[in-house]
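See below for the structure under consideration.
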Protein chains: 2
Amino acid sequence: MALYSNYSEESLTALRVELEQQLALYKSENLDLNMARGGKPCTQQLDLSNGLLDITIPYETDPNKDYRNYGTLEGLEETRQLFADILEVKPEEVIIGGNSSLNMMYSTLAKAMLFGTIGSERPWAQEDKLKFLCPVPGYDRHFSICELLDIEMISVPMTQDGPDMDLVESLVREDASIKGIWCVPKYSNPTGITYSDDVVKRLASMETAAKDFRIMWDNAYVVHDLYDESTSLYNIMEACRDAGNDNRPYLYTSMSKVTFAGAAVAAMATSKANHEFTLRIMGVQTIGSDKINQFRHVEFLKDMAGVKNHMKKHAEIIRPKFNKVLSILSKELDGLDIANWSKPIGGYFINLDVMQGCAKEVVATAESVGLKLTPAGATYPYKKRPKR
Amino acid sequence: MALYSNYSEESLTALRVELEQQLALYKSENLDLNMARGGKPCTQQLDLSNGLLDITIPYETDPNKDYRNYGTLEGLEETRQLFADILEVKPEEVIIGGNSSLNMMYSTLAKAMLFGTIGSERPWAQEDKLKFLCPVPGYDRHFSICELLDIEMISVPMTQDGPDMDLVESLVREDASIKGIWCVPKYSNPTGITYSDDVVKRLASMETAAKDFRIMWDNAYVVHDLYDESTSLYNIMEACRDAGNDNRPYLYTSMSKVTFAGAAVAAMATSKANHEFTLRIMGVQTIGSDKINQFRHVEFLKDMAGVKNHMKKHAEIIRPKFNKVLSILSKELDGLDIANWSKPIGGYFINLDVMQGCAKEVVATAESVGLKLTPAGATYPYKKRPKR
């Protein structure tokens with residue numbers, strides 16, 4: 001196909017008529033498709049984990065060891081072990097939460113607001129100004145947390161290797177009000193890239209003006225390969241330890257897109273000192289999260305090999321969908337110089353960039369024919385895509 | 001038995017020898033009894049709810065309605081209805097949480113700290129001074145939340161009808177830094193009393209210097225009758241509405257001591273405005289709590305009649321234990337004028353007051369023969385029992 005920019009006005013008018021006819025045709029089909037980001041897993045995917053509900057819970061004669069009873073603030077040992085294997089950390093670095101890693105992230109930052117964190121001079125809420133770096137495009141729910149907590153967001157462009165580290169380093173070196181950065185380091189939400197080893201090491205070792213700078217490492221797609229090949233992610237905990245910044249990273253993940261989206265288990269991992277700091281507060285909040293569900297997940301998935309095997313089944317369901325979207329995008333848009341899109345090998349998203357000023361209309365047009373897309377701009381802080 | 005205070009020194013010395021022999025006998029039995037407060041339900045009690053795990057979860061073809069999937073921030077309608085019946089409120093006033101009502105209470109106050117609440121001039125964390133009224137004796141985990149959040153606790157004595165309302169009214173009328181009061185209004189933790197209608201109405205209608213005064217109404221034992229008779233508790237939501245203080249109360253309860261202590265469902269209820277305020281923040285924290293467990297609880301317990309019937313089974317297990325403790329206390333201590341204890345008809349506690357300065361030694365002596373009691377003073381703010 002030729003570049004649209006080379007079309008004469010006459011050809012463009014003709015094309016418009018043709019495309020509008022095509023659109024009318026789609027409309028007549030009464031489609032009801034939802035491709036909005038964070039889209040819910042389909043029934044077939046949920047069905048993969050129905051075995052979870054058949055797991056027999058062993059009842060203990062000692063009520064203190066009974067999964068049905070109170071107790072075990074940090075979570076079951078076996079569940080911590082499984083998450084440790086997934087996150088490549090030590091089991092004693094893991095804390096199990098309820099069903100939401102988002103809630104654990106919110107909770108980490110809310111604690112910092114109220115109590116500060118290790119290295120803080122005062123509770124973050126008492127600072128004149130708080131800022132966070134947000135690699136963009138990124139995850140809207142991370143941005144919502146910052147907005148709610150009145151943390152100013154500074155957008156940093158993503159490259160194919162992760163955030164633009166020259167910019168990140170120069171910002172954090174100078175500005176002590178920058179307290180952290182949001183990262184989805186593997187199959188990043190929404191661009192699908194995985195941070196390079198160099199980016200991870202630079203994040204871990206960079207000099208920060210804030211003594212209590214934190215990396216919010218949302219490793220939501222750590223086991224979400226779409227194909228046989230996978231990307232490798234450098235170990236952030238190790239990198240931070242090697243750089244003497246042990247307390248810098250907080251790691252999160254969950255089983256939400258492994259088992260049941262709404263009824264899975266979430267976990268975080270962090271340094272010993274952060275761990276103790278977190279538990280001291282958590283111990284006032286709660287007696288512990290649902291151990292029956294923790295036990296079920298370990299019994300059902302067993303170990304890392306079990307998780308990988310289970311994720312292959314997910315990939316078999318969603319890979320054809322990715323391939324179909326990618327082939328349609330390629331067929332319809334290749335060579336026109338009006339759009340770019342990601343070709344991820346893992347995660348949950350295809351990121352489509354269209355011509356400046358067109359995104360909202362593209363989304364609205366798609367919706368008008370029954371295809372729901374993530375709202376334009378949702379992947380940017382304050383829902384605003386910076387002009388290029 | 002005669003009053004010990006009438007004993008001669010000689011008789012007391014003889015008694016001491018006799019009691020020490022008795023103690024040595026107990027020691028030789030190698031007892032391992034745990035009567036610490038908040039004690040874990042026994043295996044037999046947990047077994048009452050094993051049917052929960054046999055509930056079949058219906059799978060929907062529409063992923064948006066599927067209990068396994070993301071969504072439904074406030075909880076399932078049917079679960080909200082069940083908790084509405086328990087708390088005597090409207091279903092639309094109920095928000096379902098995870099497995100911990102304690103976490104919901106912490107979360108309400110943490111939100112007030114960070115964002116204020118309806119009627120606040122500023123976030124509570126920005127106030128010079130924050131105070132809460134704590135009817136004593138009370139629940140240590142309430143006090144821990146205040147300590148963590150740097151909220152000064154003012155002890156208010158409990159009477160047989162609830163907190164001393166003359167004192168409460170005079171304190172809150174004058175001091176705008178008093179932002180709230182902790183209440184366990186039914187079968188109060190640990191004295192077992194239920195607030196009188198008059199106390200509830202006075203709490204609801206009293207004039208408070210703080211415009212954002214809140215009642216933390218922890219109705220943990222709302223369905224926990226030990227005998228056929230029950231106590232009635234005046235409806236705090238209605239009382240507050242009648243007094244024009246709609247936003248004053250936050251109600252909490254959970255199924256922790258109904259089904260599985262560590263894997264149940266918690267809920268809160270509050271006014272429409274508080275509700276919207278809470279959800280606005282909760283919607284940033286999480287996508288929603290575990291609907292599978294919510295569904296299971298409704299399927300298993302069905303309705304209020306089902307809950308009551310289930311609680312009768314609990315009572316059959318624990319009533320004999322209460323009766324045994326009460327009969328031993330009566331047999332050993334009646335008429336000596338050295339101790340007073342509660343005779344609750346519901347809840348989970350027997351409160352034993354001993355002579356001034358003796359509590360710690362009583363607890364230590366019991367522990368030395370294998371009987372664990374709640375630490376002396378735990379039911380008082382800062383773990384200190386005021387001198388009488």
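Between A/Asp66 and B/Lys40, no side-chain nitrogen of the basic residue sits less than 4.0 Å from a carboxylate oxygen of the acidic one, so the salt-bridge criterion is not met.
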**Request:** Let me see the working for A/Phe260 and B/Ile292 under side-chain contact (heavy atoms from CB on, under 4.5 Å), right down to the final yes or no.
**Result:** CA-CA 9 Å; A/Phe260 295 152; B/Ile292 290 185; 3.4 Å; yes
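Distance check: B/Leu48 CG to A/Arg68 CZ gives 9.5 Å after rounding to the nearest 0.5 Å. With rounding to the nearest 0.5 angstrom, the CD atom of A/Gln126 is 9.0 Å from the CD atom of B/Gln126.
The closest side-chain heavy-atom distance from B/Leu53 to A/Thr56 is not below 4.5 Å.
The greatest number of non-hydrogen atom pairs below 4.5 Å with chain B, out of A/Ile55, A/Thr43, A/Thr72, A/Leu149, is found for A/Thr43. Note on B/Ser256, B/Ser101, B/Gly71: by heavy-atom pairs under 4.5 Å with chain A, the leading option is B/Ser256. Chosen from A/Ala125, A/Gly283, A/Ser107, A/Gly262, the residue pairing most often with chain B at heavy-atom distances under 4.5 Å is A/Gly262.
No donor-acceptor pair under 3.5 Å is formed between the side chain of A/Asp290 and the backbone N or O of B/Ala264. Side-chain atoms of B/Asn99 come within 3.5 Å of backbone atoms of A/Gly288 as a donor-acceptor pair (strictly under, hydrogens ignored).
Counting all heavy atoms, side chain and backbone alike, A/Ala261 lies closest to B/Asn69 at CB-OD1, 3.3 Å. The shortest non-hydrogen separation linking A/Thr286 to B/Arg141 is O-NH1, 4.3 Å. Smallest separation of non-hydrogen atoms from A/Leu148 and B/Phe115: O-CE2, 3.3 Å.
The number of heavy atoms from other shown groups lying within 6.0 Å of CD (A/Glu77) does not exceed 12.
Heavy atoms closer than 4.5 Å to chain B are found in both the backbone and the side chain of A/Ile145. For chain B, the nearby parts of A/Asp47 are the backbone and the side chain; heavy atoms of each come within less than 4.5 Å. Both the backbone and the side chain of A/Asn50 come within less than 4.5 Å of a heavy atom in chain B. Of the two parts of A/Tyr106, only the side chain, counted from C-beta on, holds a non-hydrogen atom closer than 4.5 Å to a non-hydrogen atom of chain B.
Among residues two or more places apart in sequence or in another chain, the side-chain hydrogen bond (donor to acceptor under 3.5 Å, both in side chains) test is passed with B/Thr259 by B/His297.
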